[in-house]
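When a residue number appears, it is its place in the shown sequence, counting from 1.
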Amino acid sequence: GTLLVNNWHTNTSAYTVANTARLGGTGTLAAAVTVQAGGTLRPGGLTVPGNMNLNSDLTFAAGSAFAVRVPAATAGQYDMITASGAVTLGGATLSVNAAGLGDTPIDSIVWLINKTSSGSVSGMFNGLPQGAFVALGNQAWEITYSADYDAGARGGGNDVAIIRVP
């Protein structure tokens with residue numbers, strides 16, 4: 001099943017996204033989120049992209065998925081997560097739907113995870129080490145696990161982003 005969170009959820013019990021389940025929405029969760037193998041975390045609403053806020057840890061297991069929509073490379077026009085706790089990627093699959101994405105200027109940044117706490121993101125997405133290329137339509141993008149959301153920079157931080165490259 002699918003759970004869409006579009007408001008503030010103060011539940012302090014951890015959320016587990018089990019096999020075949022999906023968690024999404026544009027709301028805020030107060031408790032930790034664990035995405036198990038076969039589960040999917042897809043921030044944003046049913047029909048429009050958006051930001052989901054997590055006020056705790058985010059953990060992906062191997063075999064889980066992080067699905068985002070990037071119809072435009074303009075802030076607020078794509079899906080992303082803002083997490084205030086530890087973030088563990090665990091080899092999850094990154095799935096990017098870029099339907100409708102037009103020609104994007106070189107060096108454009110699409111933020112996937114804004115980690116607001118200190119410390120690095122742990123792990124990486126399956127098959128996507130630092131600097132790996134991600135094809136969105138006919139455009140090349142590069143993934144980074146050390147971008148700086150607050151500074152809008154490609155490096156020097158602990159956030160996950162994809163950057164348009166030539």
Quick one: list whatever passes side chain to side chain contact (heavy atoms under 4.5 Å, CB included) with [X], sequence neighbours left out.
X    : answer
S122 : T88
A98  : L101, L136
A132 : L128, P129, I143

Set of side chain to side chain donor-acceptor pair (under 3.5 Å) partners for [X], sequence neighbours left out:
X    : value
S146 : T144
D79  : R69
S117 : K115
T104 : Q139

| query | Should V87 and I81 count as side-chain neighbours, where that means a heavy-atom distance under 4.5 Å? | reply |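 In short, these two side chains do not touch, never coming nearer than 4.5 Å.
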Min side-chain heavy-atom separation V96-W141 under 4.5 Å:
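Side-chain contact under 4.5 Å: no.
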Y78: which of L112, N97, I162, V110 passes side chain to side chain contact (heavy atoms under 4.5 Å, CB included)
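Option passing the side chain to side chain contact (heavy atoms under 4.5 Å, CB included) with Y78: V110.
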Within this structure, what is the CZ-CG distance for the pair F66 and N126, rounded to the nearest 0.5 Å?
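These two atoms lie 15.0 Å from each other.
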ask   = Roughly how far apart are D150 CG and N114 CG, rounded to 0.5 Å?
value =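 So the CG of D150 and the CG of N114 are separated by 6.0 Å.
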What side-chain donor-acceptor pairs closer than 3.5 Å can you find for residues 28-57, not counting sequence neighbours?
| from | atom 1 | to | atom 2 | distance (Å) |
| --- | --- | --- | --- | --- |
| R42 | NH2 | G45 | O | 2.8 |
| N51 | OD1 | T82 | N | 3.4 |
| N51 | OD1 | T82 | OG1 | 3.3 |
| N51 | ND2 | N53 | OD1 | 3.3 |
| N51 | ND2 | T82 | OG1 | 3.2 |
| D57 | OD1 | A86 | N | 2.8 |

Residues clustered with V165, ILVMFWY side-chain links under 4.5 angstrom
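F133, which link up through side-chain heavy atoms under 4.5 Å apart, make up the rest of the cluster.
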For residues 3-20, run the donor-acceptor check on the side chains, cut-off 3.5 Å, and write out each pair with its distance to 0.1 Å, sequence neighbours left out.
| from | atom 1 | to | atom 2 | distance (Å) |
| --- | --- | --- | --- | --- |
| N6 | OD1 | T26 | N | 2.9 |
| N6 | OD1 | T26 | OG1 | 3.2 |
| N11 | OD1 | S13 | N | 2.9 |

The criterion is ring-ring contact (aromatic ring centres under 6.0 Å, His included); which residues satisfy it with Y149, sequence neighbours excluded?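 Once residues adjacent in sequence are excluded, the partners of Y149 under the ring-ring contact (aromatic ring centres under 6.0 Å, His included) criterion are W111.
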Which residues share a salt bridge (charged side-chain N to carboxylate O under 4.0 Å, His left out) with R154, sequence neighbours left out:
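Scan of R154 (salt bridge (charged side-chain N to carboxylate O under 4.0 Å, His left out), adjacent residues dropped) gives D107, E142.
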Worksheet item: Please walk me through it: do R164 and D103 pass side-chain contact (heavy atoms from CB on, under 4.5 Å)?
Response: CA-CA 10 Å; R164 176 75 165 91; D103 190 32; 3.9 Å; yes
